[in-house]
Each structure stands twice: as C-alpha cells, then as structure tokens.
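Below is one structure, written out as structure tokens; comments come after it.
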Amino acid sequence: MEIKAIRGFNDILPDEIGKWQFVEKTAREVFEGFGFSEIRIPILERTELFARGIGEATDIVEKEMYTFADKSGNSLTLRPEATASMARAYLEHQIYTFDPVAKFYCIGPMFRYERPQKGRYRQFYQIDAEVFGVDNPMVDAEIIVMLIHFLERVGLEKLELQINSLGCRKCRPRYRQEIINFLKKKSFQLCEDCQRRLETNPLRVFDCKVETCQAAIVDAPKVIDFIDRECQDHFGKVKEYLEAAGLTYILNPRMVRGLDYYTRTAFEVVSYQLGSQNAVTGGGRYDNLFQEIGGPDIPGIGFAIGMERLISLLPKDKVFIQHPHLFIAVLGDETIKKAYQLINQLHLEGIRAELDYEGKSLKSQMRRADKLKARYVLIMGEEELKKGRAVLRNMEDKSQEEIPIEGLLNALKEKVRRKV
Ligand code: ATP
Ligand code: MG
C-alpha cells in the first residue's frame, strides 16, 4: 500500500513555496526593522512547560497537545505554540541580565491535535513576535503597529483590528465570578464542553463556536466594565498610542483569547474573506506567564500569525513561481558537452537554466521549454555551432537572433538579467 502523509499534516509543494518564502522574507525584513531578532527554539519541550505556561484548563492543554513519553519515560510535547518556549529560553539563558528588554521573533511549525478542516491543520506554521520585559503600553501599540505594517506589506486587504483588555490578576477574579453567576443561569443553553468550562475556565465559553453558547453570551457582562483603574489607564494609553500611529481599531468586548496567560491588552486581526476560521493572527499581553513557568515577575506581549491562513489571503494576481531564465535546447551528440559546460557556468552565475536530459527532438524540447515557462531558449545545433553561433529565442515575443558562441556566457548574463 502506498504510504500517505498523516491527516492534518501538509506538504508545501514547490509551486506554492514562493508565497511562503515571500511571507517569511517580508516578516524578517519588517521585524528586524523594528529591532526584533530571530530566535529558534526546539520543537519538543517538556509537557510541563505548556501545561503550566498555557494553563491546564485551556483547549490546547486539555485536548490539542501531541504528548508522548520518550524512551526514558519523560513526558514530552510537540510545541503547540512558541511563546512559552521563547519565555523559557529567555529565562534559561538569563537574557534579561544583558538588557531588560528583549524583542524576539520565531518562524516555524506548531502542532495541535484538532479536527482538520480548511484553515485548521494538525501541523501548521506560525510567525511569532514577542517583547519581554516591558509593561509600558507604548510597546503594546508598537507591536500592533508592526503587525499591521507587516500584513499590509504582504498585500493583505480588508482586515479588521480588534482589541480588548482582559484585566489583570487583581481585577479578573471579580469578572470571572460575575461571568460564572451570569452563565449559571443559562447553563441549560451551554454545550457539554462549556458546562465543564463553567467550572474550570468560564471565560473560555466566549471562544466556543457552538451557536447556542454564542447566543448565551450575547448580553454577558463585559470584562472592560470590571477592570481596575490601573488596567483602564493602561488600556486607555494603548488606544491613544494606536491612534497616534494612525491605526483604526474596533473594540471587541467578547474577545477573550484562548490562552490562560493573557492579561490586559488582547488583540486579533480578522479577515472576512476567511469564513469561519477568520482569525489571521492573535496576540496579547501576558504578565503572569514568566512566573507560571518558574521565573521572576517579567511582563511580556506578543502575537502569532497563522501562516496558512495568511497565505490563503495573499493577492491572487501576484506571481510567486520562479520560472527558468533559460532553457538550452541541444541537437546532436557533439553539442551536449558544450551545453553541459555552459549550463554549469550559468548556474554558478545564478542564472536558472534547464537542459534536456533525454536526447529528445527539438520540437519536444521546445514544448518542454514552453511548459516550464522559460523566458529564453538557446538552441544549440551542430550546424550553427560549427559556424561559432547559437540561436537565442525570446519566448515572450517569439523573436530570434543568432549570437556568437564566443562570449556567449556574458551575452546571456546581460540579456537574462536585464528583466529579473
Ligand atoms: P482559533 O480560535 O482559530 O482556534 P487560536 O486562538 O487557537 O485560533 P492562536 O493560538 O492564537 O489561535 O494562534 C494564532 C494563529 O494561529 C491563529 O490566529 C490562526 O491563524 C493560527 N492557527 C491556530 N490554530 C491553527 C490550526 N490548527 N491550523 C492552522 N492555523 C492555526
Ligand atoms: Mg484554537
């Protein structure tokens, strides 16, 4: 039987890779321009890191983690997100002793055992950016500005930035109680999961996609009405800084985000072109995460962009496939060696050139050049070669010219590069 990939795990094929490379390159350029450095963290971590960092009563930890015991019996987990690992690395290497502020980004695969569907996979890619060590609201705005700038740079349109404040350790318990009281009266309307969430993590009901649960929370108390003075001031400043940067946002009092560690500012960017899996990116402040994983009291804020969803939104008219610059059509055994030498030189110069390996007819070689969308074809026939010449055909306008073999490399470099 033919072996197939695991459900929810995708191949990213060469005809799509141009988009991925473009997105990654743009992220690196934009983020580095904002003073962020790349960090690469392991794909496997101790299960404890996520259980404590993300929170036991979250969807991720409750049911989405790829957890297994290794040969020594340690419980390990394929990372479902990057923030906890980045925080761990920051603590483990005492990066804070160098400078209290750290700005990191990370690009790579995450793993969650979810039901695969459009926009939702079991291995998916994220671009993450985090700032550790600052609780100043200026940084909340700064990271959101960077995110929006990046999304615009890759060409996304019709996005909506939603923000909310989730309060802090001091004021959230009061809200939590309020929500429990409110939802208890509606518990008959809640799905089985949410009945359980009511006990363990009532805010999670907001994230539930079941219709009756959504209906139950329509007039639920809003977190924003319960946050304390300090959190209000903080949120007020975030909004001021966003406005100062010229960003428009929507206040979404129902956005509570899936993870336990979020405090104060929470944000999401949604696209109405995505259907039900509409969040392209989400993030927020997490001022308790470091302590949860055994570190000192260090604040943090960050976001994670889902690359598959982002890529599905890229402008359709943009071309990402790299076609050959040149196809060399060879006729006659004598010429093959010459063509081989030439193509090696071209490759060393970074010119994408292709050759026929199968001794096919000129017609069939031309067909292949056409299929590969090569910009030029160099026809090297025995007759022409004897005269010290070869024929260069421009596949776009179909014009042809003879060019001397002497200095062929330079002539080709000149032509092919002109329109890169
Ligand atoms: P959702 O509500 O869609 O499950 P989430 O809150 O679980 O999202 P985060 O943990 O905030 O998502 O991850 C950030 C981004 O990663 C999401 O906005 C989304 O674009 C992407 N993402 C999350 N889970 C998946 C998945 N299983 N497959 C593909 N992309 C995903
Ligand atoms: Mg999720």
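This structure is a prediction, so every number in the text was calculated from the model and none was measured. Indexing begins at 1, ligand by ligand and atom by atom, following the structure's order.
- Close N/O approach between Ala279 and ligand 1 is found [any backbone or side-chain N/O within under 3.5 Å].
- The aromatic ring centroids of Phe34 and Phe150 lie 6.0 Å or more from each other.
- Annotation: Phe124 places no N or O atom under 3.5 Å from an N or O atom of ligand 1; distance criterion only.
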Donor-acceptor pairs are to be reported for all side-chain atoms of residues 313-320 against protein atoms at under 3.5 Å, with residues two or more places apart or in another chain.
unit_1 : atom_1 : unit_2 : atom_2 : d
Lys316 : NZ     : Ser312 : O      : 3.1

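- For Glu81, no heavy-atom contact with ligand 1 is shorter than 4.0 Å.
- The closest non-hydrogen atom to atom 10 (O) of ligand 1, taken over Met110, Gln126, Met255, Arg112, comes from Arg112.
- If you number the atoms of ligand 1 from 1 as listed, the ones under 4.0 Å from a heavy atom of Glu114 come out as 24 (N), 25 (C), 26 (C), 27 (N).
- Neither the backbone nor the side chain of Asp207 comes within contact range of ligand 1; no heavy atom lies under 4.0 Å.
- The parts of Arg120 lying near ligand 1 are both backbone and side chain, judged by heavy-atom distances below 4.0 Å.
- Residues Glu230 and Gln232 have side chains that never bring a donor and an acceptor to within less than 3.5 angstrom of each other.
- Under the 6.0 Å cut-off for aromatic ring centres, Tyr249 and Phe267 do not qualify, their centroids lying 6.0 Å or more apart.
- Under the 6.0 Å cut-off for aromatic ring centres, Tyr96 and Tyr90 qualify, their centroids lying closer than that.
- With ligand atoms numbered from 1 in the order given, ligand 1 contributes 15 (C), 16 (O), 20 (O), 21 (C) to contacts under 4.0 Å with heavy atoms of Gly306.
- The contact set between ligand 1 and Thr281, taken as ligand atoms under 4.0 Å from a residue heavy atom, comprises 18 (O).
- The contact set between ligand 1 and Ala304, taken as ligand atoms under 4.0 Å from a residue heavy atom, comprises 14 (C), 15 (C).
- Defined by atom type and a distance below 3.5 Å, a donor-acceptor pair is missing between the side-chain atoms of Tyr121 and Glu308.
- Among residues at least two apart or in separate chains, salt bridge (charged side-chain N to carboxylate O under 4.0 Å, His left out) pairs with a member in residues 26-40 are Lys25-Glu29, Arg28-Glu38, Glu29-Arg153, Glu38-Arg40.
- Proximity of Lys209 to ligand 1, defined as any heavy-atom pair under 4.0 Å, is confined to the side chain (atoms from C-beta onward).
- At a 4.0 Å heavy-atom cut-off, ligand 1 does not touch Leu310 at all.
- The backbone N or O of Asp397 lies less than 3.5 Å from a partner atom in the side chain of Asn394, making a donor-acceptor pair.
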